[in-house]
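As the structure lists them, so they are numbered: ligands from 1, and atoms in each ligand from 1. What you see is a predicted model; the values in this text were computed from it and never measured. Throughout, numbering of the chain's residues begins at 1 and tracks the sequence.
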Amino acid sequence: MHALVVASTRPEVIKLSPVMREFEARGVDYTFVTTGQHYDDELFWSFIRDLGLRTPEHNIEIGSGSHAYQTARALEALEEIILKERPSVVIAEGDTNSVLSCALACAKLHVAFAHVEAGLRSFDRTMPEEVNRVLADHIAEVLFAPTEGAALNLIEEGILPEKIFIVGNTIVDATLQNLEIARESSRILEDVPEDFLLLTLHRAENVDSRERLAGIMEALFELGEEIVFPLHPRTRKRLKEFGLLEGVRQRLHLIPPAGYLDFLMLLSRAKLVLTDSGGVQEEAIVLNTPCVTLRTSTERPETVEAGGNVLAGVEKADILRTVRRILGDESVYSAMRSAKNPFGEGDSGRKIVDTLIKLEEEGRLKITPPSKVLRRKRREFITADASLAGKRIAELPFRVVRVIRSGRARFPFPELLLREGDVVEVAVREFYRCSEPFRELPQDRSTPPAL
Ligand code: UD1
Ligand code: UDP
């Protein structure tokens with residue numbers, strides 16, 4: 001197998017590092033590409049060093065610019081790289097403009113695109129990340145969903161379960177692989193107050209509006225806590241433009257974007273983290289640090305359901321009330337600290353590589369025109385009776401896409417045992433007969449057998 005790994009921003013490098021490590025350990029041939037969306041040492045190169053990754057073989061150097069500019073430039077250059085490298089699969093993670101370009105380049109060249117962290121949804125199409133992840137998922141041939149909930153989001157959108165693999169989130173691997181190293185090598189805790197809250201903020205919808213950004217800052221000032229704030233360059237630029245930077249510098253403990261190992265130390269030691277980052281919501285629950293998300297939606301609802309994360313919104317009063325409640329009530333605080341990480345055991349990198357190798361052996365990474373021409377596809381519903389109860393999904397003679405049990409959807413895991421009363425949703429496909437393509441013949445219908 002020859003894989004192309006495309007990682008172009010801070011979170012992508014972190015989350016694909018366990019996959020690259022696994023490739024290295026197993027001697028799988030891979031080429032590392034960055035579009036150059038993040039290019040500063042503190043947003044990109046320091047992560048390559050901290051994580052012990054090799055220098056990317058290709059750097060497209062798109063740099064900063066509008067969404068259209070970044071996406072178009074990366075698309076054009078990725079096409080050339082894919083044509084030159086001829087990979088059996090292209091792997092990207094997450095929801096940045098670079099990931100969308102990567103998916104589009106693969107689709108046009110009929111090269112398998114594997115999407116790591118598939119199925120996350122904020123259900124807010126005004127977020128650039130939501131559009132990117134929906135499109136990337138619909139292009140992908142292989143979708144690595146972190147949780148059953150993410151997999152069900154994909155099924156809800158019509159993606160078939162055979163393309164979906166629930167593998168946990170590689171952020172758990174990265175955190176567990178690097179925490180000890182961070183403890184030994186990071187000195188960042190010497191430079192920050194003993195008792196502190198950690199803050200990260202960079203989402204366009206929070207920092208590109210003066211009113212929104214000023215409101216969030218006022219709430220944080222009023223908290224009266226020591227707040228350590230590693231400043232993303234986008235946020236620095238906006239705070240300066242809006243004339244807020246000096247005020248923030250006086251009230252919060254501003255530091256440059258932290259290196260990965262330093263950030264792990266800060267997050268593991270912080271009393272609580274306030275963030276609008278996706279990755280930080282996940283790391284916080286792995287490190288048992290209570291998380292307050294400064295947004296009105298999250299594509300990581302599992303962290304909220306597990307009890308480790310609270311969506312505070314972006315209004316000053318809501319932020320103040322939420323943080324005071326957590327810090328002011330020991331039982332609330334300790335319940336948040338003991339929330340269980342819903343993203344797996346830290347073996348996602350291995351599962352991803354295992355799956356890709358198996359799919360390649362089975363010839364499932366090749367994209368070819370369909371051998372049978374589809375006329376129509378639809379869903380049918382069967383209620384499991386006594387004859388189906390106890391059967392495994394894998395042994396049913398039809399394509400199950402979802403099982404509804406006691407009103408709740410379940411992913412059709414091959415080993416899931418049916419129970420009487422389960423509603424089984426089945427994908428039905430009707431084909432034309434290809435031998436006589438110009439005349440519509442009676443359909444070759446594959447329907448579920450009569451029960
Ligand atoms: C991007 C992603 C976002 C992700 C984030 C990770 C999109 C639409 N957004 O947001 O989903 O959460 O990365 O951090 O893809 N800049 C620098 N140095 C750099 C890179 C950027 O100073 O190395 C500054 C530039 O002024 C640039 C701004 O940051 O205009 C924003 O960078 P950009 O990559 O467009 O978006 P992010 O906000 O980083
Ligand atoms: N991170 C870091 N230094 C910082 C802030 C974040 O190393 O100063 C890491 C953090 O460990 C997490 C990742 O960056 O894994 C999250 O990236 P970011 O918040 O930029 O993007 P998102 O996850 O929201 O896409």
Asks: Does Ile171 come within less than 4.0 angstrom of ligand 2, counting non-hydrogen atoms of the residue?
Replies: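 Contact present.
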Asks: Can you check whether Ser277 has an N/O within less than 3.5 Å of an N/O in ligand 2?
Replies: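 By distance alone, the answer is yes.
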Asks: With heavy atoms of Arg203 as the reference, note each atom of ligand 2 found under 4.0 Å away.
Replies: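 Those qualifying, in numeric order: 22 (P), 24 (O), 25 (O).
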Asks: Could you tell me if any non-hydrogen atom of Phe44 lies under 4.0 Å from any atom of ligand 1?
Replies: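 It does not; every heavy atom stays at 4.0 Å or beyond.
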Asks: When you compare ligand 2 with Arg10, is there at least one nitrogen or oxygen pair between them that comes in under 3.5 angstrom?
Replies: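 Arg10 vs ligand 2: N/O contact under 3.5 Å present.
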Asks: What is the closest protein heavy atom to atom 38 (O) of ligand 1, and at what distance does it sit?
Replies: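 Ranking protein heavy atoms by distance from atom 38 (O) of ligand 1, first comes Arg234 NH1, 2.8 Å.
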Asks: Under 4.0 Å from a heavy atom of Pro230: which atoms of ligand 2 are those, numbered in the order shown and with their elements?
Replies: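 Near Pro230, the atoms of ligand 2 are 8 (O).
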Asks: Between Glu129 and ligand 1, does any nitrogen or oxygen pair lie at a separation below 3.5 Å?
Replies: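 In this structure, Glu129 places an N or O atom under 3.5 Å from an N or O of ligand 1.
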Asks: Which ligand 2 atoms are under 4.0 Å away from a heavy-atom of Phe47?
Replies: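 It comes down to these atoms of ligand 2: 2 (C), 7 (O).
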Asks: Calculate, to the nearest 0.5 Å, the distance between atoms OG1 and CD belonging to Thr170 and Glu22 respectively.
Replies: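 It is 12.0 Å, given to the nearest 0.5 Å.
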Asks: With heavy atoms only and a cut-off of under 4.0 Å, state how Lys15 meets ligand 2: side chain, backbone, both or neither.
Replies: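 The answer is neither.
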Asks: For ligand 1, does His38 get within less than 4.0 Å through its side chain, its backbone, both, or neither, judged by non-hydrogen atoms?
Replies: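 Both parts.
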Asks: Specify side chain, backbone, both or neither for Thr96, according to which of its non-hydrogen atoms lie closer than 4.0 Å to ligand 1.
Replies: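 It is both parts that get close, each with some atom under 4.0 Å.
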Asks: For Tyr260, take its heavy atoms, then give the atoms of ligand 2 lying under 4.0 Å from any of them.
Replies: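 Within the 4.0 Å cut-off of Tyr260, ligand 2 contributes 7 (O), 11 (O).
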Asks: Are any of the N or O atoms of Lys237 closer than 3.5 Å to those of ligand 1?
Replies: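 Checking ligand 1 against Lys237, an N or O pair does fall under 3.5 Å apart.
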Asks: Start with the C-alpha distance between Glu157 and His138, add both sets of side-chain angles, then the distance that settles side-chain hydrogen bond (donor to acceptor under 3.5 Å, both in side chains), and finish with yes or no.
Replies: CA-CA 9 Å; Glu157 292 174 12; His138 282 260; 2.7 Å; yes
Asks: What I want to know is whether Val280 and ligand 2 share at least one N or O pair that is separated by under 3.5 angstrom.
Replies: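 N/O-N/O distance under 3.5 Å: no.
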Asks: Check Glu283 against ligand 2 and report side chain, backbone, both or neither, counting heavy atoms closer than 4.0 Å.
Replies: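 Within the 4.0 Å criterion, Glu283 contacts ligand 2 through side-chain atoms alone.
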Asks: So is Arg203 in contact with ligand 1, going by heavy-atom distances below 4.0 Å?
Replies: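 For ligand 1, residue contact (heavy atoms, under 4.0 Å) with Arg203 is present.
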Asks: Going by the closest heavy atom to atom 25 (O) of ligand 2, which one wins out of Gly259, Ala174, Pro11?
Replies: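 The nearest heavy atom belongs to Pro11.
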Asks: For ligand 1, indicate whether the residue Ala204 contacts it via side chain, backbone, both or neither (heavy-atom separation under 4.0 Å).
Replies: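 Neither; nothing of Ala204 gets under 4.0 Å from ligand 1.
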